[in-house]
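We use all heavy atoms of the structure for the numbers below, so side chains are in, but hydrogens, waters and symmetry mates are not.
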Amino acid sequence: PEIESQTQTDALPMSANFQIDLVRALRCLTPGEDDSPPQATILYQQVLRGALAATKADRGVLVLREPEAEALTLGAILPRDRDVSVNRVVLRAVLREHCAVLCNDALNDPRFQKTETVHKEKITSLIAHPLMRGKNAVGLLYLDTQERPHMFRRDHLQILHFLARIAVLAMDHRHMDLPKGK
């Protein structure tokens, strides 16, 4: 199990599959046929779709955080017909401590023994990364697998880092409704 600081994900070694996974993610970010600026919801879904494609996760969610109110809002969820709950341990690590999280044996990880989410939903692998604006975490990308342990690699953190940066830059550029940092 790993929890890594935001800066550590910048220098991860790349596996042989990294480029293939990155191309899968980037294909999902391709704009639609019209060149109109994407709505925030569509962009959130594209980023999340890219993360799922790159990691082969079962489910994912992009959560936004309003720093002043500590309120969380849903940016996107995939697949849309399934509920995805983000564990408190992951939320705390990602949003408060600005750490990326990678766990490939969540059912047996002591950090998740006292929480219902992991056991109830049979989450075996999970990965999360903060959406950072400056020094503020304004959201997170969260992915998991159910009943498929050891699905995520360390270089998947790098891909999530890359997608998170693209999301924040694109939303800033397009003047979308991402919460503003302090």
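Val118 places a side-chain heavy atom less than 4.5 Å from the side chain of Asn87. Residues Leu78 and Val61 have side chains not in contact (no heavy-atom distance under 4.5 Å, counting atoms from C-beta outward). Considering only heavy atoms from C-beta on, Arg154 comes within 4.5 Å of Leu102 through its side chain. Counting only heavy atoms from C-beta outward, the side chains of Val94 and Val101 approach each other to under 4.5 Å. You'll find the side chain of Arg80 reaches within 4.5 Å of the side chain of Gln45, heavy atoms only. Thr73 places none of its side-chain heavy atoms less than 4.5 Å from the side chain of Val63. Looking only at side-chain heavy atoms (C-beta outward), Arg65 and Val138 stay at 4.5 Å or farther from each other.
Here the CG atom belonging to Leu143 is positioned 4.5 Å from the OG1 atom belonging to Thr55, to the nearest 0.5 angstrom. Glu116 contributes atom CD, which lies 10.5 Å from atom CD of Glu121 (distance to the nearest 0.5 angstrom). Remark: Phe112 CZ to Leu126 CG distance equals 4.5 Å, nearest 0.5 Å. To the nearest 0.5 Å, atom SG of residue Cys99 and atom CZ of residue Arg92 are 11.5 Å apart. Annotation: the span from Thr145 atom OG1 to His150 atom NE2 amounts to 10.0 Å, rounded to 0.5 Å. Rounded to the nearest 0.5 Å, atoms CE (Met151) and CG (Asp144) are 11.5 Å apart.
Nearest heavy atoms, Gln146 versus Asp58: N-OD2, 2.7 Å. Minimum heavy-atom separation, Asp155 to Arg153: OD1-NE, 2.9 Å. Between Leu107 and Ile123 the shortest heavy-atom distance is CG-O, 3.4 Å. Between Tyr44 and Gly75, the shortest heavy-atom distance links the atoms CD1-O, 3.3 Å. In terms of heavy-atom proximity, Gly50 sits nearest to Leu163 at C-CD1, 3.9 Å. When all heavy atoms of Thr124 and Pro149 are compared, the closest pair comes out as OG1-N, 3.3 Å.
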Residues Leu140, Leu131; criterion side-chain contact (heavy atoms from CB on, under 4.5 Å); working and verdict: CA-CA 5 Å; Leu140 69 98; Leu131 296 175; 5.6 Å; no
Step-by-step side-chain contact (heavy atoms from CB on, under 4.5 Å) determination, Ile77 to Leu62: CA-CA 6 Å; Ile77 188 168; Leu62 188 149; over 6 Å; no
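Judged by distance alone, the side chains of Asn104 and Ser125 do bring a donor and an acceptor atom under 3.5 Å apart.
Judged purely by atom type and a 3.5 angstrom limit, Arg88 has no side-chain atom pairing as donor or acceptor with the backbone of Thr115. Proximity of a side-chain donor or acceptor of Gln113 to a complementary backbone N or O of Asp109 within less than 3.5 Å is detected. Here the side chain of Ser85 pairs no donor or acceptor atom with the backbone of Thr117 at under 3.5 angstrom.
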